Colleague: 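Sharing a structure with you now.
Order of listing sets the numbers, starting from 1, for every ligand and every atom in it. Computed from a predicted structure; not experimentally measured. FYI, the numbering just counts along the sequence from 1.
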Amino acid sequence: MSVAIDHVLEETRRFTPDDEFRKLANLKSFEEFERLYKQSLEDPDAFWGKFAKELHWFKRWKRVLNKDNAPFFKWFEGGTTNICYNCLDRHLSTWRKNKAAIIWEGEPYGERRMFTYLELHRLVCKFANALKNLGIKKGDRVAIYLPMIPELPIAMLACARIGATHNVVFGGFSANALIDRINDAQAKMVITADGGFRRGQVVDLKGAVDEALGKCPSVTNVIVVQRSHTPIKEWVRGRDIWWHEVMEHASDGCPAEELDAEHPLYILYTSGSTGKPKGILHTTGGYMVATYLTSKYVFDLRDEDTFWCTADIGWVTGHSYIIYGILANGATSVMYEGAPNYPTPDRFWQIVERYRVNVFYTAPTAIRAFARWGEGWPAKNDLSSLRLLGTVGEPINPEAWMWYHKNIGGGRCPIVDTWWQTETGQIMITTLPGAMSTKPGHAGLPFFGVKAAVVDEEGHEVGPDNSGLLVITEPWPAMLRTLYGDDERYKEFYWSKFSKHGWYFTGDGAYKDRDGYYMIIGRIDDVINVSGHRLGTMEIESALVSHPLVVEAAVVGFPHEIKGQGLCAFVSVPVGTVPAERDKDVLRDHVAKMIGAIAKPDQIHFTEALPKTRSGKIMRRLLRDIASGRDTTGDTTTLEDYSVLARLREERET
Ligand code: WTA
């Protein structure tokens with residue numbers, strides 16, 4: 001493991017929120033932040049207890065944090081609540097009853113739906129009853145494989161209402177990826193659609209489910225939403241049921257189940273440094289309080305705001321900041337089904353104008369794409385409603401930050417650069433917009449209750465401006481509780497590296513500047529962040545090796561102008577085989593089939609053998625240098641076969 005850079009140039013630009021923003025902000029000064037932050041660490045019981053009380057509990061907790069069985073922490077022990085109740089019912093006795101909870105914009109022009117809190121509540125109750133009618137009980141797992149349509153949050157909230165644990169699988173994953181996730185979670189049911197729209201094309205989700213289910217014995221029912229109205233190839237009687245049919249017969253009275261604070265809310269699979277995706281388990285109480293609080297302070301939510309997070313709900317960002325944290329605050333959440341540039345590169349800005357979006361949250365990869373498409377596109381639309389911008393998912397380069405600030409924020413909107421992970425459940429490092437100034441490329445400071453450090457391999461804190469490993473040194477409320485069904489791997493992956501200290505290891509490299517601001521450099525393990533999506537190199541390598549053309553494969557990342565990082569695969573073929581150029585496409589398609597189109601390598605290099613050390617380890621550093629076109633001047637004397645390196649270089653140069 002090594003951190004990519006040793007020293008970072010100091011960023012001297014500072015952007016401070018104007019007085020008007022500050023005056024109205026939920027948190028108005030740095031002093032106020034410091035006071036609360038101090039309290040959050042010195043007296044977590046009082047701090048978290050105070051904010052938890054802003055939400056509804058059936059039974060009050062006995063202990064805010066139980067550390068007795070570390071790293072299996074418990075939050076709000078003894079308390080009972082329901083996150084769906086807090087996202088919906090809690091607002092019905094207030095004026096928010098008829099406020100828009102979700103504004104949905106479909107990809108095809110003109111398709112839009114608006115759900116008030118009352119209406120969303122009614123639909124969620126109905127669907128919760130539909131689930132119960134089909135035998136889904138508290139504790140059962142339900143896989144959800146849907147496009148970005150309103151039925152997706154309805155299904156998630158309905159599961160949460162009855163205590164079923166949802167497992168949302170991103171609609172871009174293939175049937176094979178679906179099999180692994182359904183089987184690992186032992187899901188009883190799959191909720192899907194006939195098809196989803198993406199850039200005007202229909203993605204056949206039901207077909208993928210049919211293909212997967214032959215290998216998923218735990219599934220007894222499939223609920224199918226009619227979205228694309230495309231013909232269904234296969235309909236399994238007794239197993240498959242239409243969404244609209246189950247809804248027709250379900251009643252709309254369904255009290256929210258009283259659930260233990262540690263009741264499993266959802267599983268979300270994410271890539272790690274091994275071949276198998278990890279089932280991140282989140283529970284109810286701590287996750288609810290922390291997503292509520294981060295939404296309120298990081299996005300400075302006010303009742304009149306329209307908030308738009310552009311993420312797909314298939315990822316954690318959508319879970320926490322399209323649904324749970326935002327609705328727990330009673331805010332209005334925008335949800336868009338399609339691609340940012342369909343049918344034109346200003347689709348996002350049209351949506352901002354139409355709904356007068358006030359707070360906008362997106363990924364650096366999208367910003368870089370917008371920058372490339374040109375400032376003329378945002379300029380065509382009225383973006384004056386925006387008052388706050390956010391980014392997430394990968395480091396934002398200062399140029400993209402400045403472009404965002406100027407062309408989308410009109411030079412007036414603060415930008416919150418939020419660092420967090422599927423595992424953390426909540427935003428961990430960020431600025432708070434009314435209380436802090438921002439610096440391009442720097443995420444900021446740890447949020448309330450979060451204690452972080454940048455350390456070397458031995459756990460010594462490194463000095464300001466030196467890079468090291470990012471660790472979190474105290475438990476936080478929305479933290480993952482385990483890897484589903486695998487406590488040992490949970491301990492090993494996150495807690496073994498600094499077991500002596502009892503710290504959580506993030507897998508990221510970072511540095512901290514003289515003001516204490518963190519800058520995240522990126523993953524230092526075998527995870528590559530492509531367009532803000534986490535991909536494990538081993539997963540892609542296993543997919544490649546499962547093809548007869550491939551003997552061995554090594555996948556590395558290289559800097560990519562839009563995606564942040566691109567994927568480069570080095571593939572060794574059987575002796576005597578002469579691969580053709582078109583075989584690269586064959587392998588790309590194979591990876592798409594095994595994992596999903598997001599995992600297709602950008603570059604493929606065929607080679608007779610991969611460069612290895614004498615002990616047989618693939619020399620990834622060397623491959624990374626080759627992939628990024630850097631000179632391989634490092635020490636290569638351990639190379640077993642110099643000719644391998646020479647051939648790879650030759651191939652690159654020709
Ligand atoms: C990266 C997404 C720099 C990081 C919420 C982390 C970031 C991984 C930032 C988690 C940021 C996320 N600046 N890097 N603001 N936010 N990352 O699990 O490498 O999909 O470990 O969660 O994304 O990705 P995940």
Side-chain angles (χ1 to χ4, degrees), residues 1 3-5 8 168 170 172-173 266-273 277-280 282 287 290-291 294-295 298 309-322 324-325 361-368 389-398 400-401 404 415-431 438-447 450 452 454 467 469-472 478-480 483 493-494 504-512 517-536 557 563-565 598:
M1 267 185 214
V3 179
I5 42 176
V8 188
V168 179
F170 172 59
F173 278 125
Y266 68 81
I267 304 167
L268 191 58
Y269 286 84
T270 189
S271 295
S273 43
K278 305 189 280 194
I280 307 297
H282 283 293
Y287 178 84
T291 53
T294 44
S295 299
V298 179
C309 163
T310 68
D312 192 291
I313 295 175
W315 311 110
V316 74
T317 307
H319 281 59
S320 297
Y321 300 110
I322 297 178
Y324 291 116
Y361 189 36
T362 196
T365 186
I367 298 167
R368 289 190 295 265
L389 305 174
T391 73
V392 61
E394 49 177 324
I396 179 162
N397 43 313
W401 197 102
Y404 194 33
I415 297 178
V416 287
D417 174 355
T418 63
W419 175 84
W420 58 296
Q421 308 178 300
T422 309
E423 290 87 344
T424 70
Q426 62 169 99
I427 291 170
M428 300 290 278
I429 297 179
T430 178
T431 49
T438 49
K439 306 177 201 186
H442 289 61
L445 297 173
F447 186 74
V450 175
V454 179
S467 57
L469 313 175
L470 179 64
V471 294
I472 309 294
M479 67 194 303
L480 78 165
L483 293 182
F493 280 140
Y494 302 107
Y504 168 87
F505 177 48
T506 62
D508 277 327
Y511 91 97
K512 202 159 111 172
Y517 273 39
Y518 287 76
M519 177 178 174
I520 314 299
I521 299 164
R523 302 293 305 195
I524 54 161
D525 51 10
D526 292 328
V527 172
I528 304 180
N529 198 326
V530 180
S531 302
H533 300 320
R534 261 168 79 165
L535 296 166
K563 300 177 174 182
Q565 279 187 294
I598 49 170

Colleague: Asn529 heavy atoms, cut-off 4.0 Å: which ligand 1 atoms fall inside?
Modeller: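 Near Asn529, meaning under 4.0 Å from one of its heavy atoms, ligand 1 has 1 (C), 23 (O).
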
Colleague: N/O to N/O below 3.5 Å, does that happen between Thr270 and ligand 1?
Modeller: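 N/O-N/O distance below 3.5 Å does not exist for this pair.
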
Colleague: For Val392, take its heavy atoms, then give the atoms of ligand 1 lying under 4.0 Å from any of them.
Modeller: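 Per the distance check, 5 (C).
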
Colleague: Between ligand 1 and Arg534, is the shortest N or O to N or O distance under 3.5 Å?
Modeller: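 Yes, since at least one N or O of Arg534 sits under 3.5 Å from an N or O of ligand 1.
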
Colleague: Taking distance alone, with no angle check, do Arg523 and ligand 1 share an N/O pair under 3.5 Å?
Modeller: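 Yes, Arg523 has an N/O under 3.5 Å of an N/O on ligand 1.
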
Colleague: Looking at Asp417, which atoms of ligand 1 are within less than 4.0 Å of one of its heavy atoms?
Modeller: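 Those qualifying, in numeric order: 11 (C), 13 (N), 15 (N).
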
Colleague: Who's closest to atom 2 (C) of ligand 1 heavy-atom-wise, of Trp420, Trp315, Tyr518?
Modeller: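 Selected option, by shortest heavy-atom distance: Trp420.
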
Colleague: Does ligand 1 come near enough to Ala443 that some N or O of the ligand is less than 3.5 Å from an N or O of the residue?
Modeller: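 Such a contact does not occur with ligand 1.
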
Colleague: Looking only at atom types and distance, does a side-chain atom of His319 sit under 3.5 Å from a main-chain N or O of Ile313, one as donor and one as acceptor?
Modeller: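 Such a contact is found between His319 side chain and Ile313 backbone.
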
Colleague: Taking both backbone and side-chain atoms of Asp508, is any N or O found less than 3.5 Å from an N or O belonging to ligand 1?
Modeller: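 Such a contact does occur with ligand 1.
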
Colleague: Closest approach of Leu470 and Ile520, non-hydrogen atoms and distance?
Modeller: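 Minimum heavy-atom contact is CD2-CD1, 3.9 Å.
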
Colleague: So which of Pro395, Gly564, Gly318 gets nearest to atom 3 (C) of ligand 1, if we judge by its closest heavy atom?
Modeller: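 Going through Pro395, Gly564, Gly318 one by one, Pro395 has the nearest heavy atom to atom 3 (C) of ligand 1.
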
Colleague: Consider every N or O of Glu423 and every N or O of ligand 1, then say whether any pair is closer than 3.5 Å.
Modeller: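 There is no such contact.
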
